[in-house]
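These notes are about the structure you will find just below.
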Amino acid sequence: MAIINKSVALTMFLTFQGVLSFGSISRHAVTSTSRRSIVTVFSTAEQAAAAAPTSNEKKEGPIKNEQAYANLKMEEIVSLCKRRGIIFPSSEIYNGFAGFFDYGPLGAELKRNVKDAFWKNFVHNREDVVGIDSSIIHNPITWQSSGHLDGFSDPMVDCRETKLRYRADQLFCSPVVLEECGSTVGFVCVLEANDEDMVKEATSQAKKLLKEKEMKGSAIKAFQFRDLTQVTEEEMAQIPSPGSNKPTLTMPRDFNLMFQTNVGAMQDASSVAYLRPETAQGIFINYKNVVGSSRVKIPFGIAQIGKAFRNEITPRNFIFRSREFEQMEIEYFIPPGDEEWKPYHEKWIADSRAFLEQVGLKDELMGYDVHEGDGLAHYARACTDITFKFPFGVQELMGIAARGDFDLKSHSEGSGKVLDYFDEETKEKFIPHVIEPSLGVDRLILALICSAYAEDEINGEKRSYLSFHPSIAPVKVAVLPLVKNKEPLVEAARDLFDKLSKRWNVQWDQTGAIGRRYRRADEVGVPFCVTVDFETIEDNAGVTIRDRDSTDQVRIPIDEVIPYLSKMIDGY
């Protein structure tokens with residue numbers, strides 16, 4: 001987290017050529033061919049409109065606003081997502097349901113594209129990874145063996161007065177220390193946020209505290225924030241609750257995060273089950289089935305994309321931390337040994353970073369957080385998080401952990417089944433160790449939306465748009481007939497739209513000025529707009545394809561539109 005001043009290394013710029021990368025393509029010079037006969041007679045005004053440029057935005061190229069991301073607030077992202085049908089609050093007609101979200105028409109497409117990109121990159125494009133899709137509810141013994149029943153909890157604090165509950169590691173306190181004499185006059189307590197917002201809220205609380213102590217105007221030292229898992233009982237007795245503004249918080253205590261349900265007609269202790277809090281265990285309990293039914297050999301991986309559920313007490317920051325979410329995980333099984341795991345771990349860190357860059361995350365917004373000491377899980381050999389600089393601060397985006405053999409050993413003991421691997425070359429039996437790359441679909445989508453947000457100015461007019469990589473953009477192409485009341489022109493545009501729709505998700509827009517239609521497409525990240533105009537049908541002069549980011553336009557013969565867009569979108 002940024003407030004703790006962890007250094008973030010922005011390194012390892014990796015560029016992979018492949019299915020997700022942009023392809024280069026030559027610009028086509030279109031020569032005028034013999035004019036076709038058009039049955040409909042056009043007026044002089046219409047002919048003039050046909051000869052005019054489709055938009056005046058190229059009089060001056062876009063002037064990019066380099067400070068757009070630095071000034072971006074989460075409120076703007078949330079508003080954009082709702083306004084344009086990307087993400088809605090769940091159950092909004094019933095005043096919502098905290099911690100749950102619904103994906104709208106564009107969001108559903110974006111989510112599908114992100115999952116497809118992950119699967120293609122890590123499963124289809126590799127010979128050493130296969131996929132599964134396990135059930136959401138497992139035999140409850142699964143969670144006993146994995147340690148989730150006893151250890152899957154977060155430290156919580158309760159406000160005795162308001163009865164509100166908070167995660168202790170998401171509340172930060174600081175003593176208010178006088179600059180002149182160094183004495184502590186009290187504490188402030190703020191919710192986790194970016195540095196600026198936390199300091200602003202803490203300053204406001206400190207001013208009220210000094211006023212109550214009749215020390216108004218006294219200078220104080222810089223705040224030294226630490227979360228409530230690190231405070232003593234004596235300190236907690238002085239720390240104000242965010243709910244009551246009085247020291248009414250309990251000491252931290254564990255709270256299990258799993259959602260409980262019942263299976264079957266009876267609702268007693270024997271019917272208790274749990275919604276899975278992670279997808280990893282579904283992979284481990286199917287490890288023996290995959291080895292027995294597939295031709296996999298160590299090292300190999302099993303991938304899964306699926307829903308997970310955690311009863312987060314304080315879901316925050318939009319879809320970053322919610323109660324229902326989706327994970328993309330791989331358990332990569334490797335030979336045992338104290339030194340064997342290190343090169344595999346390093347390779348998966350590099351491959352994971354490369355994937356994130358391929359789908360469009362900006363290199364300068366990503367970094368690393370290496371877990372050490374108490375920051376490591378008790379079973380982990382190592383863990384490195386790839387972080388992302390969200391508008392609310394630097395946070396974990398993707399974790400790559402070396403989990404050792406803890407999981408398979410635990411399930412072997414819990415089930416009584418042998419989960420050894422027999423190496424046919426060495427004739428040895430062993431329980432493999434595991435490297436686990438784990439990535440939240442929803443967190444990645446939020447990072448992609450934030451990373452894609454851009455602002456520029458064209459001929460004095462400000463424009464905001466989403467610069468999605470074409471491979472994950474929810475709509476790939478917008479087809480725009482120049483006018484909507486000329487049948488031959490609309491028919492030509494509709495014919496092209498139908499052909500493109502067989503390959504990609506394509507948008508049809510025939511209403512409003514062409515410049516306004518461009519802006520509508522830009523705002524939701526459509527990378528290419530194809531305009532069918534009078535030259536298309538009169539001179540067989542092809543169509544105009546406009547690039548979203550540069551606003552450059554190129555005229556392409558109709559027969560070459562699909563090959564051109566295929567190269568630009570799919571990379572081949």
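Scope of the values below: all heavy atoms of this structure, side chains included, with no hydrogens, waters or symmetry mates. Treat the numbers as computed from the prediction; the structure is a model and nothing was measured.
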- Message: Could you check whether any side-chain heavy atom of Met236 comes within less than 4.5 Å of a side-chain heavy atom of Thr232, counting everything from C-beta outward?
- Response: no
- Message: Any carboxylate oxygen within less than 4.0 angstrom of a Lys/Arg side-chain nitrogen, looking at Glu523 and Arg520?
- Response: no
- Give a yes or no on whether a salt bridge exists between Glu364 and Lys389, defined as a side-chain N under 4.0 angstrom from a carboxylate O. no
- Query: Step by step, would you call Lys64 with Glu457 a side-chain contact (heavy atoms from CB on, under 4.5 Å)?
  - Reply: CA-CA 7 Å; Lys64 193 171 181 63; Glu457 188 175 297; over 6 Å; no
- Please assess Phe333 against His433 for the test side-chain contact (heavy atoms from CB on, under 4.5 Å), listing each intermediate value before the final yes or no. CA-CA 6 Å; Phe333 299 94; His433 284 213; over 6 Å; no
- Item | Close side-chain approach of Phe118 and Ile330, heavy atoms under 4.5 Å | yes
- Indicate, with yes or no, if the rings of Trp348 and Phe355 have centres closer together than 6.0 Å. no
- Leu257 side, atom CG; Asn311 side, atom CG - distance, nearest 0.5 Å: 7.0 Å
- Query: Is Asp522 salt-bridged to Arg519, cutoff N-O under 4.0 Å?
  - Reply: yes
- Query: Are any of the side-chain heavy atoms of Leu397 and Leu439 separated by less than 4.5 Å?
  - Reply: yes
- Query: side-chain hydrogen bond (donor to acceptor under 3.5 Å, both in side chains) with Glu396: which residues, sequence neighbours excluded?
  - Reply: none
- Query: Which value, rounded to the nearest 0.5 Å, describes the distance between Lys163 atom NZ and Asp158 atom CG?
  - Reply: 8.5 Å
- Message: Before we go on, tell me: are the rings of Tyr453 and Tyr69 under 6.0 Å apart, centre to centre?
- Response: no
- Task: Give a yes or no on whether a salt bridge exists between Glu436 and Arg403, defined as a side-chain N under 4.0 angstrom from a carboxylate O.
- Result: yes
- Does the Arg276 side chain pair with the main chain of Lys307, one donor and one acceptor, at a distance under 3.5 Å? yes
- Item | Matching residue for Glu312 among Arg167, Gln170, Arg323 - test: side-chain hydrogen bond (donor to acceptor under 3.5 Å, both in side chains) | Arg167
- Message: Could you measure the distance from the CG atom of Asn65 to the OG atom of Ser464? Nearest 0.5 Å is fine.
- Response: 10.5 Å
- Message: Checking the side chain of Gln281 only, and the main-chain atoms of Trp143 only, is there a donor and an acceptor separated by less than 3.5 Å?
- Response: no
- Identify the two heavy atoms, one from Ser352 and one from Pro437, that lie closest to each other, and give their separation to 0.1 Å. OG-CB, 4.1 Å
- Looking at CG of Asp385 and NE2 of His371, how far apart are the two atoms once the value is rounded to the nearest 0.5 Å? 3.0 Å
- Item | Spacing of CD1 belonging to Ile334 relative to CD belonging to Glu340, to within rounding of 0.5 Å | 7.0 Å
- Task: Report the distance from atom NZ of Lys362 to atom CG of Leu448, rounding to the nearest 0.5 Å.
- Result: 11.5 Å
- pair Val434-Asp407: side-chain heavy atoms closer than 4.5 Å: no
- Query: Side chains of Val188 and Ile239: does their closest heavy-atom pair fall under 4.5 Å?
  - Reply: no
- With sequence neighbours excluded, what pairs up with Phe392 under the ring-ring contact (aromatic ring centres under 6.0 Å, His included) test? Phe320, Phe390
- From the list Glu326, Glu329, Gln327, side chain to side chain contact (heavy atoms under 4.5 Å, CB included) partner of Ile305 resolves to Glu326
- Would you check, one step at a time, whether the test side chain to side chain donor-acceptor pair (under 3.5 Å) holds for Glu180 with Ser218? CA-CA 8 Å; Glu180 185 177 354; Ser218 299; over 6 Å; no
- For Asn113, which residues count as a side-chain contact (heavy atoms from CB on, under 4.5 Å) partner, sequence neighbours excluded? Ile472, Lys476
- Message: Walk me through whether Ser550 and Asp547 qualify under side chain to side chain donor-acceptor pair (under 3.5 Å).
- Response: CA-CA 6 Å; Ser550 67; Asp547 180 86; 3.1 Å; yes
- Item | Residue pair Ser467, Asp549: steps toward the side chain to side chain donor-acceptor pair (under 3.5 Å) verdict | CA-CA 7 Å; Ser467 184; Asp549 297 348; 2.9 Å; yes
- Query: For His138, does its backbone N or O pair with a side-chain atom of Thr142 as donor and acceptor, under 3.5 Å?
  - Reply: no
- Task: With the side chain counted from C-beta on, respond yes when Ser241 and Tyr166 share a heavy-atom pair under 4.5 Å apart, and no when they do not.
- Result: yes
- In terms of side-chain geometry, is the basic nitrogen of Asp456 or Arg463 positioned less than 4.0 Å from the acidic oxygen of its partner? yes
- Message: Test your reading of the model: is there a side-chain donor-acceptor pair from Ser451 to the backbone of Ala447, 3.5 Å cut-off?
- Response: no
- Item | Worked verdict on Thr551 versus Tyr518 for side-chain contact (heavy atoms from CB on, under 4.5 Å) | CA-CA 9 Å; Thr551 72; Tyr518 284 160; over 6 Å; no
- For Val199 and Phe225, run side-chain contact (heavy atoms from CB on, under 4.5 Å): C-alpha distance rounded to whole Å, both residues' side-chain angles, the deciding distance at 0.1 Å, then the answer. CA-CA 9 Å; Val199 170; Phe225 291 109; 4.3 Å; yes
- Query: Under 4.0 Å between a Lys/Arg side-chain N and an Asp/Glu carboxylate O for Asp116 and Lys120?
  - Reply: no
- Item | Contact summary for Gly104 and Phe88, nearest pair of heavy atoms | CA-CE1, 3.6 Å
- Task: Measure from the side-chain N and O atoms of Asn71 to the backbone N and O of Gln67, and report whether any donor-acceptor pair falls under 3.5 Å.
- Result: yes
- Aromatic contact, Phe309 with Phe325 (centres under 6.0 Å): no
- Message: Tell me whether the NZ or CZ atom of Lys111 lies within the 45° cone about the ring axis of Tyr103 and under 6.0 Å from its centre.
- Response: yes
- Nearest heavy-atom neighbours spanning Cys450 and Ile77: SG-CG1, 4.2 Å
- Side-chain touch Pro247/Gln238, heavy atoms, less than 4.5 angstrom: no
- Query: Taking the side chain from Thr184 and the backbone from Gly186, do they hold a donor-acceptor pair closer than 3.5 Å?
  - Reply: no
- side chain to side chain donor-acceptor pair (under 3.5 Å) evaluation trace for Gln230 with Asp227: CA-CA 6 Å; Gln230 304 176 52; Asp227 68 58; 3.3 Å; yes
- Query: Do Pro432 and Asp405 come within less than 4.5 Å of each other through their side chains, counting heavy atoms only?
  - Reply: no
- Message: Using a 3.5 Å distance criterion without hydrogens, assess whether the side chain of Arg548 forms a donor-acceptor pair with backbone atoms of Phe468.
- Response: yes
- Query: Quick check: does any side chain N or O of Glu455 sit under 3.5 Å from a backbone N or O of Ala68, one acting as donor and the other as acceptor?
  - Reply: no
- Message: Please determine whether ring pair (Phe, Tyr, Trp, His ring centres under 6.0 Å) holds for the pair Phe101 and Phe318, giving the CA-CA distance in whole Å, both sets of side-chain angles, and the decisive distance to 0.1 Å.
- Response: CA-CA 9 Å; Phe101 296 91; Phe318 198 30; 5.3 Å; yes
- Task: Return yes if some donor-acceptor pair links the side-chain N/O of Ser91 with the main-chain N/O of Tyr94 below 3.5 Å, else return no.
- Result: no
- Query: Which atom names give the shortest non-hydrogen contact between Lys82 and Pro89, and what distance separates them?
  - Reply: CD-CD, 4.4 Å
- Does Glu357 use its side chain to pair, donor to acceptor, with the backbone of Ala354 at less than 3.5 Å? no
